[in-house]
Amino acid sequence: MRSIYFKELSLYFSSPLFYVIAAVFACVAGIYFCNAMAYVSLLSTMITQHPSFPGIRMDSVFIQPVFSDMVMLVVFFAPLIAMRFYADEKAAGTIELLFTYPVSDLKSLLGKYLAGWTVLTTVLLLTVPLMGLMGLLTRPNWGLVASSYLGLVFLGGAILSMGALFSSLTKHQIIAASLTIGLTLIFWSVGWFAQVFPGGTAGTVLREISLVNHVSPFLKGSISVKDIVFFIEFSLFFLVLAFEAIDSNRLRG
Amino acid sequence: MAASTGLTFGLLCGWTLSLIWKWFVEYTVIVVNNLTKFYGLHSAVEDVTFTVNRGEVFGLLGPNGAGKSTIMKMVASFMPPTSGSVKIMDYDTVKDSLDARKCIGYLPGNTPLYSDMTVESFLRFAAQAKGVKKEQISSEVRGTVSDLGLSEVRERKIDTLPKGYRQRVGLAQALIGDPPVLVFDDPTGGLDARQSREIEGLIKDLSGWKTMLIASHNPSKISGLCDRVAFIDKGRVASLGTPRDLTEKYREHVSIKIIVGDKAKEALKTICRVEGVLSILILNSSMLKVDTVGETDLRPVLADRLVNAGIPLLEIARDEKGLEDVFMDITGRKVH
């Protein structure tokens with residue numbers, strides 16, 4: 001597994017795709033940060049002009065909006081990282097090398113998945129200097145910042161597992177990415193339909209499988225075992241499907 | 001007494017059989033048994049059976065689409081057969097896939113490589129994936145790079161390399177880890193004559209101490225490398241044997257090529273009644289191809305007749321059949 005993990009990392013970091021994703025992610029996150037900063041600045045001006053105005057809660061006016069926007073970046077960028085897991089190998093023909101080396105399919109899948117997760121975490125780390133800047137200007141709730149990052153990492157892991165499934169089904173990276181984004185958005189919005197079945201089992205199920213319902217607590221600074229277990233189970237479910245898809249690909253040749 | 005004699009006899013028989021089996025397993029490195037592969041309803045490979053012995057170079061020859069690559073993929077454990085089996089050093093490629101893969105160095109057709117990696121990093125990855133010990137990886141990579149003449153390009157990205165070097169990198173990844181069995185699918189495909197000769201030279205260097213299975217659509221390129229060959233046509237083994245046996249077996253008549261100074265028609269009239277001549281074909285105004293019956297060499301008689309008739313004889317030679325001609329005879333179509 002280590003060999004596949006490091007090979008994947010080496011390929012990601014030598015590919016222009018990673019640098020484009022990282023640059024665009026950092027730029028857009030920077031724009032969100034500046035936007036939130038401008039809002040804080042506006043509120044500060046209002047406070048100085050109207051002393052009766054209540055104080056600013058940085059958590060709700062700055063940190064949470066920034067991370068809520070970054071969640072959407074993860075939703076769209078994680079599939080771009082996952083799309084090359086197997087689709088790229090199939091298109092280049094290197095899948096024949098990979099599948100004939102004495103490495104089990106499970107280890108190769110986990111190696112690729114963990115490498116994708118590492119890359120996503122690296123991209124997220126690019127926004128840490130922005131948080132450092134915030135720390136210079138204000139006194140942020142670092143616990144909230146840390147839990148929000150943790151939420152993004154878990155969400156990213158869940159999306160990457162869906163990406164692994166779709167990437168194992170096609171040799172076209174763009175199809176894999178599109179299907180992953182589509183399924184992510186379905187799991188994102190499925191909780192909204194829970195209101196259609198108030199009090200019913202269907203409503204509960206829809207609410208429980210909704211990604212947004214499990215990432216939101218992290219963005220509010222609440223880390224619960226229930227949400228962590230959900231993300232782990234969600235990822236495992238799609239990784240098992242990906243593993244089965246790889247096995248079935250082998251049978252079909 | 002009788003019981004103890006029977007027991008001793010039984011033990012002896014068992015011991016002898018186990019020795020024979022051990023010898024067979026050690027001697028027969030690749031066993032392909034009734035191999036069949038269906039893609040949907042289309043059969044790509046049907047009932048293919050052959051064995052490759054230790055140190056032997058075995059060639060699979062056939063036109064494009066004959067099923068050679070499918071056989072190679074199944075031998076290399078890339079995909080399972082629909083029915084039948086492949087055993088590599090007694091490891092079944094489906095049931096003991098990982099053990100079988102440990103014994104194989106595989107070069108797929110079209111030489112797919114991780115083009116964004118450098119030669120060295122790719123070979124390091126191949127070594128790690130094949131389970132080469134961490135402390136041996138550097139020396140293993142260095143040795144393979146040196147053996148295959150890749151030293152000067154070891155730091156270069158694979159996608160910047162010319163085709164010949166890419167092929168060498170493909171061979172290098174197959175050789176790394178020192179697997180006892182090498183499976184090469186069209187190792188000289190897409191190479192020019194000089195590059196082909198280089199790769200053939202490398203394969204020749206390996207023959208004798210590695211068991212090799214080589215597939216090619218070009219018999220002339222690998223016939224000299226192989227100890228035995230199997231012709232594959234429409235997914236089946238059309239014929240199997242040593243290159244010499246096959247050319248002898250399918251040689252129904254001896255062909256003689258004659259070059260005369262622009263007098264092919266006159267030459268035809270002169271030699272057409274010679275006993276043993278089966279047919280004469282005028283290839284151009286100065287060249288004829290004469291098919292003769294039996295093993296008797298008619299060249300002296302033909303030369304005598306032509307010279308006596310005053311026809312300038314520039315060349316007369318036996319037109320030896322190559323494997324490609326044999327394949328055409330067997331399948332009724334051209335190999336490539």
Side-chain angles (χ1 to χ4, degrees), chain A residues 1-21 81 83-112 114-116 119 168 171 173 243-253, chain B residues 37-40 44-45 69-70 72-82 91 93-94 96-118 120-122 124-132 134 137 157-159 170 173-174 176-177 179 183 185:
Chain A
M1 190 170 84
R2 275 187 63 219
S3 59
I4 304 290
Y5 174 77
F6 285 113
K7 185 266 288 182
E8 288 295 314
L9 278 189
S10 144
L11 284 175
Y12 273 116
F13 292 128
S14 60
S15 151
L17 178 73
F18 166 75
Y19 295 98
V20 170
I21 288 175
I81 292 171
M83 68 183 182
R84 58 171 302 282
F85 280 169
Y86 287 99
D88 187 37
E89 301 246 20
K90 283 184 182 180
T94 48
I95 195 89
E96 261 190 80
L97 291 178
L98 184 69
F99 281 179
T100 51
Y101 287 152
V103 178
S104 70
D105 292 349
L106 181 64
K107 283 183 179 174
S108 88
L109 173 64
L110 289 179
K112 280 172 176 287
L114 292 177
V119 168
S168 66
K171 64 176 179 181
Q173 295 191 45
F243 179 71
E244 291 300 325
I246 292 163
D247 203 36
S248 134
N249 276 346
R250 262 192 196 273
L251 283 171
R252 285 201 306 270
Chain B
K37 182 72 185 178
F38 275 86
Y39 292 121
V45 173
S69 292
T70 307
M72 300 301 259
K73 284 174 185 176
M74 289 188 279
V75 170
S77 261
F78 176 64
M79 59 186 184
T82 308
Y91 292 119
T93 53
V94 177
D96 319 304
S97 177
L98 281 179
D99 289 319
R101 282 188 255 168
K102 278 178 193 163
C103 304
I104 292 177
Y106 176 49
L107 173 67
N110 300 323
T111 322
L113 301 169
Y114 293 100
S115 48
D116 281 334
M117 294 176 99
T118 64
E120 186 164 348
S121 59
F122 171 50
R124 276 186 170 279
F125 158 64
Q128 283 171 353
K130 289 184 178 188
V132 176
K134 201 175 173 184
I137 287 177
K157 264 190 161 185
I158 291 170
D159 63 352
Q173 65 79 28
I176 219 150
V183 179
D185 189 358

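Just so we're on the same page: letters track the sequence lines, and every chain starts at 1.
In terms of non-hydrogen atom pairs under 4.5 Å with chain B, the most contact-rich of A/Ile95, A/Ile4, A/Leu11, A/Asp88 is A/Leu11.
Once rounded to the nearest 0.5 Å, the distance linking OG of B/Ser69 with CG of B/Asp185 reads 3.5 Å.
The contact between A/Ser10 and chain B is made entirely by side chain atoms (from C-beta outward), counting heavy-atom distances below 4.5 Å. At a 4.5 Å heavy-atom cutoff, B/Ile104 makes no contact with chain A through either its backbone or its side chain.
In summary, A/Arg2 and A/Glu8 do not engage in a salt bridge, as defined by a charged side-chain N under 4.0 Å from a carboxylate O.
Atom CG of B/Asp159 sits in a crowded spot, with more than 12 heavy atoms from other residues, nucleotides or ligands closer than 6.0 Å.
A/Tyr101 pairs with exactly one of B/Gln128, B/Gln173, B/Lys102, B/Lys130 by the side chain to side chain donor-acceptor pair (under 3.5 Å) rule, that one being B/Gln173.
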